[in-house]
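Letters A, B, ... mirror the listed sequences (proteins, then strands); counts begin at 1.
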There are 4 protein chains.
Amino acid sequence: MIDKSKKQISEKHQRILDAAIEMFAEKGYASTSTSEIAKKAEVAEGTIFRHYKTKKDLLLSIVSPTIATFIAPHFTKAFSKEVLQGDYASYEEFLRTFAYNRYEFLKQNLPIIKIFVQEVAFHEEFQKPYVKLFKKEILPYFKKMILHFQEKGELKQLPPETIMRFTVTTIAGTILTKQFIAKELDFEKELDEAILFLMGGLKQ
Amino acid sequence: MIDKSKKQISEKHQRILDAAIEMFAEKGYASTSTSEIAKKAEVAEGTIFRHYKTKKDLLLSIVSPTIATFIAPHFTKAFSKEVLQGDYASYEEFLRTFAYNRYEFLKQNLPIIKIFVQEVAFHEEFQKPYVKLFKKEILPYFKKMILHFQEKGELKQLPPETIMRFTVTTIAGTILTKQFIAKELDFEKELDEAILFLMGGLKQ
Amino acid sequence: MIDKSKKQISEKHQRILDAAIEMFAEKGYASTSTSEIAKKAEVAEGTIFRHYKTKKDLLLSIVSPTIATFIAPHFTKAFSKEVLQGDYASYEEFLRTFAYNRYEFLKQNLPIIKIFVQEVAFHEEFQKPYVKLFKKEILPYFKKMILHFQEKGELKQLPPETIMRFTVTTIAGTILTKQFIAKELDFEKELDEAILFLMGGLKQ
Amino acid sequence: MIDKSKKQISEKHQRILDAAIEMFAEKGYASTSTSEIAKKAEVAEGTIFRHYKTKKDLLLSIVSPTIATFIAPHFTKAFSKEVLQGDYASYEEFLRTFAYNRYEFLKQNLPIIKIFVQEVAFHEEFQKPYVKLFKKEILPYFKKMILHFQEKGELKQLPPETIMRFTVTTIAGTILTKQFIAKELDFEKELDEAILFLMGGLKQ
DNA sequence: AATGAATGAGTATTCATTCAT
DNA sequence: AATGAATGAATACTCATTCAT
């Protein structure tokens with residue numbers, strides 16, 4: 001999923017990264033030993049330390065400022081362009097695109113996202129770059145979109161941040177429910193209802 | 001916070017539990033050593049193993065079926081009685097009570113909840129007893145309440161589960177935003193808006 | 001040889017110390033592994049780290065200020081009392097006692113002395129406590145002795161430090177020659193000649 | 001300092017040797033890693049092993065028979081010619097030349113001498129070639145010199161080995177004191193006194 | 001000759017667990 | 001019930017050495 005294809009990265013190096021991501025996601029950082037990673041990546045244990053000075057460095061290379069600056073923006077900007085800067089006939093149409101996009105993103109990046117939740121979420125020092133990224137790449141476009149539909153009279157005259165909060169909360173709740181709590185649900189139907197509900201609360 | 005006061009539990013035993021909860025929440029289960037717990041609890045290392053066969057047992061005693069059966073129901077039933085089985089003039093009134101109750105619960109049980117998210121959330125085998133508990137103690141009362149207000153014409157004719165989902169999602173989103181993302185918000189004001197939004201989407 | 005018999009020290013602890021001294025002396029600190037020490041001491045490797053936080057701590061416990069303050073003074077004072085504060089009819093008699101005492105000391109403490117030469121001699125930061133000890137416990141008595149024999153007219157009117165230097169140099173040279181370079185020598189005869197030589201150079 | 005200029009030796013090879021000598025002297029053989037040497041020499045790690053099969057070989061090339069046979073004799077013979085085979089008006093004059101020569105030698109070859117003391121001194125198997133060299137290149141000339149001055153009546157009728165021993169011991173003691181123990185001393189003055197002392201003990 | 005990525009045996013250290021007291 | 005010394009397996013990491021280029 002994540003590949004630093006720009007920087008030439010050796011095949012073994014890539015195998016180490018893949019193995020680490022998979023195991024950190026599955027068992028957590030602290031419960032994964034470097035020898036397990038080496039075994040799964042089919043390299044010698046020493047090879048890991050040729051590429052990363054410490055085990056923590058390996059985690060950071062997956063999860064840290066480096067990714068925030070090099071990898072995440074890739075996703076972030078793509079998301080921003082494809083979703084937030086799109087041309088939508090209605091807020092509902094935007095919501096649908098937004099929800100599907102994030103749902104796919106979640107499904108396709110589950111391992112890294114799990115690592116994030118486990119290792120980053122509770123360590124405030126890691127959060128800053130992401131907050132920054134969000135404020136720069138997401139927030140302004142999201143706001144603009146909301147203002148646009150407020151002007152068109154589709155949305156209530158609430159502060160855009162509040163509308164955004166309810167939007168994100170409701171969509172995230174729908175996606176997470178489908179993914180983790182009630183997998184048997186029909187996502188499309190569920191989403192339709194959620195959008196209906198959302199618009200009910202946000203309509204003028 | 002958690003005290004198994006029914007079962008007589010020695011003071012040292014309680015200190016071990018408290019220390020373990022605090023450290024597991026702070027550093028995670030795998031990164032906390034039994035010697036650290038012993039030091040913080042001011043007992044000898046061996047003492048921990050008098051009470052719990054293994055370190056994992058100690059975690060389970062905090063987080064697992066044992067708690068699901070002995071501790072959580074205490075909370076669950078209290079919550080069910082105090083909140084779900086209350087007598088409310090309107091769904092809005094219920095929402096307000098519900099939100100404050102859960103907000104206080106979160107603030108007062110932050111450590112255990114953190115342990116839950118880190119150690120339980122991703123391990124499906126731990127989840128069953130909680131699902132069971134939820135289905136038995138929460139779901140029926142919640143449903144009843146929703147049906148009651150649907151009959152009174154306050155709420156749309158959606159499946160009660162769906163209404164519950166939106167309710168929980170919106171309230172949870174508001175609480176988590178206040179607690180972790182935007183601590184500077186005025187919770188009361190934020191909650192008012194959320195309830196307005198919710199009712200907008202759920203009203204007939 | 002060295003036993004901290006005052007502080008109760010467990011038998012295993014003592015075995016670790018003995019093994020460490022022997023192996024550090026034989027192979028040097030850096031070339032001795034903790035697993036070798038554990039094997040020779042017939043304890044588990046972990047046991048070493050119960051008594052010493054790190055391998056370096058183990059070295060320091062043999063060689064450091066602690067020993068300088070607790071062990072060395074034992075020797076130093078014994079030496080000072082037995083040798084330097086003795087009542088001698090002549091400087092020659094003193095020289096003989098001094099030489100034999102140091103010769104025995106060397107033979108009986110060879111391992112620790114080897115560790116000293118290898119690990120301490122070139123690390124100035126370790127030297128201070130010994131310099132201090134020497135200045136406090138040895139220097140004044142040695143000086144007094146020399147002054148005493150200068151007054152009696154047995155020794156030249158050189159600065160006592162200079163006389164001390166030649167004395168130590170000559171006796172040390174004799175002892176080291178016997179111990180390391182020409183083991184076949186007859187120490188007694190060799191010492192007689194050295195004393196004759198010394199007195200020849202120091203006599204008025 | 002040491003250059004095997006006779007054998008053509010590449011510049012990188014020389015840099016490896018220099019780096020190894022410096023680091024072995026500073027940190028000891030066992031505590032110096034080949035990667036450190038490579039970094040300091042600014043060559044690739046593999047390059048060291050092109051020139052020396054093992055790390056130990058590298059040490060030996062600095063310290064062993066190879067040097068004893070190729071390098072040391074260079075020094076030894078120079079010393080022998082320049083100092084021992086000189087033409088001196090008195091033993092005192094010889095002593096002065098001898099002392100200055102060795103003092104300079106020590107100062108200029110401190111690193112290698114440190115390696116010697118740390119790695120060779122306690123390993124008897126390394127000592128033989130040096131003993132041999134000493135017996136062949138130094139001893140006879142030293143003896144001759146002493147016999148010469150005994151004939152002239154300047155020195156006592158002691159065995160020349162004994163006189164040599166006292167001479168070396170006293171001069172070495174003076175040099176080492178100046179270099180390692182009391183750097184603030186005035187070497188010239190100190191040496192004068194030592195010679196006076198020596199002659200006092202060795203004069204007829 | 002020179003490189004540097006790769007190796008895997010070895011290192012110091014940690015840690016859950018046991019057990020005699 | 002409580003202790004804490006002792007254990008030994010496991011851990012992250014290092015390092016001399018190899019080898020394809």
Side-chain angles (χ1 to χ4, degrees), chain A residues 10-13 16 29-39 41-58, chain B residues 8-13 15-16 29-39 41-59, chain C residues 10-13 16 30-39 41-58, chain D residues 9-13 16 29-39 41-58:
Chain A
S10 76
E11 193 227 334
K12 294 202 177 192
H13 190 163
I16 289 169
Y29 167 75
S31 302
T32 302
S33 73
T34 50
S35 82
E36 285 174 299
I37 295 170
K39 201 175 285 172
E42 293 182 295
V43 299
E45 212 176 337
T47 307
I48 293 174
F49 293 94
R50 205 141 247 292
H51 294 287
Y52 302 96
K53 266 174 81 78
T54 65
K55 185 187 168 194
K56 186 141 230 165
D57 268 13
L58 175 54
Chain B
Q8 81 270 42
I9 194 176
S10 75
E11 193 228 334
K12 293 201 175 189
H13 190 163
R15 286 212 310 264
I16 289 169
Y29 167 75
S31 303
T32 302
S33 72
T34 49
S35 81
E36 284 173 299
I37 295 171
K39 198 177 288 172
E42 293 182 296
V43 301
E45 274 202 69
T47 307
I48 293 173
F49 293 90
R50 286 255 128 223
H51 295 285
Y52 304 95
K53 261 174 84 75
T54 66
K55 185 187 169 195
K56 186 139 230 165
D57 270 11
L58 175 54
L59 172 64
Chain C
S10 77
E11 193 227 334
K12 294 200 177 195
H13 189 162
I16 290 169
S31 304
T32 302
S33 72
T34 50
S35 81
E36 285 174 299
I37 295 171
K39 201 176 287 174
E42 293 181 295
V43 299
E45 213 175 333
T47 307
I48 293 175
F49 293 92
R50 203 139 249 294
H51 294 289
Y52 303 96
K53 264 173 83 79
T54 65
K55 186 187 167 195
K56 184 140 232 166
D57 268 13
L58 175 54
Chain D
I9 195 177
S10 75
E11 194 227 334
K12 293 200 176 190
H13 190 164
I16 290 169
Y29 167 75
S31 303
T32 302
S33 72
T34 49
S35 82
E36 284 174 300
I37 295 171
K39 199 176 288 172
E42 294 182 295
V43 300
E45 274 203 69
T47 307
I48 294 174
F49 293 91
R50 286 250 132 230
H51 295 285
Y52 303 95
K53 261 174 82 76
T54 66
K55 185 188 169 194
K56 186 139 228 165
D57 270 11
L58 174 55

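- As rounded to whole Å, 12 Å separates atom C1' of dT3(F) from atom CD1 of Ile16(B).
- Inter-residue side-chain proximity for His51(A) and Ser10(A) is flagged as met; some heavy-atom pair is nearer than 4.5 Å.
- Positionally, the nearest nucleotide of DNA chain F for Ala44(B) lies more toward the 5' end than for the other of Val43(C) and Ala44(B).
- Here the straight-line distance linking atom OH of Tyr29(D) with atom CG of Leu58(D) works out to 8.0 Å at 0.5 Å rounding.
- Using a 4.0 Å heavy-atom criterion, one finds that Thr32(A) contacts the sugar-phosphate atoms exclusively.
- Between Leu58(B) atom CG and dT17(E) atom C1' there is a gap of 14 Å when expressed in whole angstrom units.
- Atoms CD and OG1, from Glu42(B) and Thr47(B) in turn, are 12.5 Å apart once rounded to the nearest 0.5 Å.
- When every heavy atom of Ile48(A) is checked against every heavy atom of Thr34(A), the shortest pair comes out as CD1-O, 3.4 Å.
- With distances taken from any side-chain atom of Lys55(A) to the nucleotides dA12(F), dA16(F), dG8(F), the minimum falls on dA12(F).
- Within the 4.0 Å cut-off from OP1 or OP2 of dA6(E), not a single side-chain nitrogen or oxygen of Arg50(A) is found.
- The nearest pair of heavy atoms linking Ala30(C) to Ser31(D) is CB-OG, 3.2 Å.
- Here the straight-line distance linking atom NZ of Lys55(B) with atom CD1 of Ile37(B) works out to 6.5 Å at 0.5 Å rounding.
- Scanning DNA chain F for stems, defined as runs of 3 or more consecutive Watson-Crick or G-U wobble pairs whose donor-acceptor distances all fall under 3.5 Å, gives the following ranges: E:2-21 with F:2-21.
- The side chain of Lys56(D) places no N or O atom within less than 4.0 Å of a non-bridging phosphate oxygen (OP1 or OP2) of dA16(F).
- Contact check, Thr47(C) against dT7(F): a side-chain N or O comes under 4.0 Å of OP1 or OP2.
- Side-chain nitrogen and oxygen atoms of Lys53(D) include none within less than 4.0 Å of the OP1 or OP2 phosphate oxygen of dA16(F).
- One atom, NZ of Lys39(C), and another, C1' of dG8(F), lie 13 Å apart when rounded to the nearest Å.
- The distance from atom CD1 of Ile48(B) to atom P of dT18(E) is 13 Å, rounded to the nearest whole Å.
- Toward the 5′ end of DNA chain F lies the nearest nucleotide of Lys12(C), the other residue of the pair Phe49(A) and Lys12(C) mapping further downstream.
- Following rounding to the nearest Å, Glu11(C) (CD) and dA5(F) (P) show an atom-to-atom distance of 16 Å.
- Distances from the side chain of Ser33(D) to the nucleotides dT17(F), dA16(F), dT7(E) place dA16(F) closest.
- Checking the phosphate oxygens (OP1, OP2) of dA2(F), a side-chain nitrogen or oxygen of His51(B) falls inside 4.0 Å.
- Remark: C1' of dA1(F) and OH of Tyr52(B) are 14 Å apart, rounded to the nearest angstrom.
- Following rounding to the nearest Å, Ile37(A) (CD1) and dT11(F) (C1') show an atom-to-atom distance of 12 Å.
- Nearest heavy-atom pair across Ile16(B) and Tyr52(B) is CG2-CE1, 4.4 Å.
- At dA16(F), one or more side-chain N or O atoms of Thr34(D) fall inside 4.0 Å of OP1 or OP2 (strictly under the cut-off).
- Side chains of Ser35(D) and Glu45(D): no donor on one and acceptor on the other come within 3.5 Å.
- When each of dA16(E), dA6(E), dA12(F) is scored by its nearest atom to the side-chain atoms of Ser10(A), the top-ranked nucleotide is dA6(E).
- In this structure, Glu45(B) atom CD and dT7(F) atom P are separated by 15 Å, rounded to whole Å.
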